[in-house]
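Following: one structure in structure tokens, then a few remarks.
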Amino acid sequence: MMLLDLLQLPILAREFDWGTVGEYLFRDSIREGAWRTLQLSVLAQIGGIILGVVTAVPRNLKIPVIGQLFGLYVWFFRGTPLLLQLFIWYFALPLYAPDEIAWLPFYDPDLLRLSSFQAALIGLAVNEGAYMSEIMRAGIESIETGQMDAAKSLGMTRLQAMRHVILPQAARVVVPPTGNEFNAMLKNSSLAYVISYQELLFRSRAIYVNNFKVMELLVVASLWYLFFTTVWSFIQAEIEQSLRPEQERGGVWQRVRRALALPERWTAGGGESR
Amino acid sequence: MNMVRVEDVHKRFAHVEVLKGVSFDVEQGETIVILGPSGSGKSTLLRLIAHLDELDAGRIYVDGQLVGYREVNGRLKALGDREASRARAHVGMVFQRFNLFPHMTALGNVAIAPMKVRGVPKAQALAAATELLKQVGLGEKLHAFPAQLSGGQQQRVAIARALAMQPKVMLFDEATSALDPELVGEVLEVMKALARGGMTMIVVTHEMGFAREAADRVMLMDEGVIVEENKPAEFFDHPRHERTRSFLSKIL
């Protein structure tokens with residue numbers, strides 16, 4: 001009874017109507033927004049992981065110039081707000097698309113006029129790449145130096161050693177922090193709303209500015225975010241379980257794949273989460 | 001014919017001079033055992049021959065080729081990553097802590113370098129790896145992961161892995177020091193068989209039995225120099241130097 005009373009609290013300020021929540025939860029417009037949030041997050045996370053690996057390896061190998069350049073990249077994108085970066089990609093970049101040089105080969109001024117989806121995806125991925133780079137760097141450093149020695153003594157170049165020996169082992173170390181990054185990504189993707197990408201939060205807001213059911217629509221959005229993050233936390237736990245040291249068999253991807261071969265009831269219910 | 005030639009090699013780490021001018025030759029098919037107290041520079045010397053570290057002065061040749069460097073007007077110039085890697089492939093190294101790749105089976109550990117470095121087709125590399133693992137007595141453990149193997153088995157996989165690249169010389173850096181006493185024998189047997197088979201070997205070890213039985217020559221290193229070098233019988237029974245005598249008295 002107490003709990004129920006607490007849930008009724010918003011009523012004190014203004015009527016809160018759970019019926020409205022139910023009414024909008026599965027609206028096409030909301031569902032589409034939720035789908036976009038998921039899509040944007042997954043793609044940006046994948047982009048971030050790729051950028052992270054690509055930038056971490058030269059930094060670890062201390063390759064001159066390139067390594068330092070990537071260090072600078074990490075420094076900038078971890079050191080400035082994501083919101084500001086989205087503004088740069090979407091609002092500022094087109095200002096630097098001079099039409100005067102459109103005759104240059106391969107140059108198209110429209111290249112820098114990003115759609116809100118492109119800007120959101122690039123902005124989130126590039127920002128995430130900087131964080132993933134740090135995670136990968138720590139993961140690579142956690143592998144004992146004897147592994148690199150052994151690979152080199154067999155005649156592998158440093159890049160071959162990275163690819164075949166170090167990275168597959170580092171992958172296991174970076175799974176938990178990467179999972180946390182994706183959890184954050186699911187929510188940070190809502191910042192794309194400020195560059196008018198019509199994801200979940202944008203769509204919720206679009207509805208409440210008309211019907212004034214502000215809290216109800218924010219709860220609708222919250223429920224979707226909670227659904228995504230909850231499903232993800234189950235998937236993440238499953239992946240981590242499959243990577244525990246007593247399960248020595250198979251490479252990381254083999255085991256992750258095995259972990260994701262979830263029972264029927266999961267794949268059916270979490271269809272949208274993949 | 002000299003398979004390995006070490007010429008006046010110097011190496012320092014920060015303020016400590018670890019090697020203070022080391023020179024020796026190893027004939028093809030010869031087995032050299034290097035003894036010495038810890039910190040005498042033995043491991044560093046092996047790592048330089050394998051070109052896992054950079055040397056400060058001197059020259060190391062394997063089969064007539066300068067290891068890891070090019071000589072330009074009498075000065076050493078480091079090779080690029082690709083060329084240096086090619087040179088390293090001729091030198092096999094077995095480590096104290098095995099350093100097997102934990103994410104690969106025994107077979108994978110042995111086959112990976114021929115496949116990725118030499119471009120040997122997979123089927124052929126796996127067949128050769130199977131053969132090598134049988135040779136070191138692990139025909140039953142082809143698909144085992146390192147974590148499922150005993151220390152002695154892991155070290156034998158590591159030996160097979162190094163042999164897979166058909167090295168011109170094999171370096172053993174205290175290959176049995178991390179093993180339980182009852183597992184030392186099986187690894188030494190593989191090493192002895194290798195020596196009998198005509199492999200050129202440089203072995204850093206504390207196993208006096210192995211030195212006596214399998215070595216063509218034994219050297220004592222201390223404080224970054226080679227103190228004494230002789231045939232095993234002479235070395236153990238009639239050591240010439242005081243430092244050799246005191247080392248042997250401590251260890252035997």
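Proteins come first, then strands; the chains are lettered A, B, ... in the order of their sequence lines, and each starts at number 1. As the structure is a prediction and not an experimental result, all values here were calculated from the model.
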Would you say [X] has more than 12 foreign heavy atoms packed within less than 6.0 Å of its [atom1]?
| X | atom1 | answer |
| --- | --- | --- |
| A/Glu141 | CD | yes |
| B/Lys11 | NZ | yes |
| B/Arg12 | CZ | yes |
| B/Phe13 | CZ | yes |
| A/Gln118 | CD | yes |
| A/Gln68 | CD | yes |
| A/Ile66 | CD1 | no |

Might you point out which heavy atoms bring B/Met104 and A/His164 nearest each other, and give the distance in Å?
CE-O, 3.4 Å

With a 4.5 angstrom heavy-atom cut-off, which part of B/Leu100 approaches chain A: side chain, backbone, both or neither?
backbone

Heavy-atom distances under 4.5 Å only: say whether B/Phe95 touches chain A with side chain, backbone, both or neither.
side chain

Write out, in numerical order, the residues from residues 144-161 of chain A with a heavy atom short of 4.5 Å from a heavy atom in chain B.
A/Gly146, A/Gln147, A/Asp149, A/Ala150, A/Ala151, A/Lys152, A/Ser153, A/Leu154, A/Gly155, A/Met156, A/Thr157, A/Arg158, A/Leu159, A/Gln160

Under 4.5 Å, heavy atom to heavy atom, which residues of [range] contact chain A?
| range | result |
| --- | --- |
| residues 75-93 of chain B | B/Asp81, B/Arg82, B/Ser85, B/Arg88, B/Ala89, B/Val91, B/Met93 |
| residues 108-116 of chain B | B/Ile112, B/Ala113, B/Lys116 |
| residues 44-64 of chain B | B/Arg47, B/Leu52 |

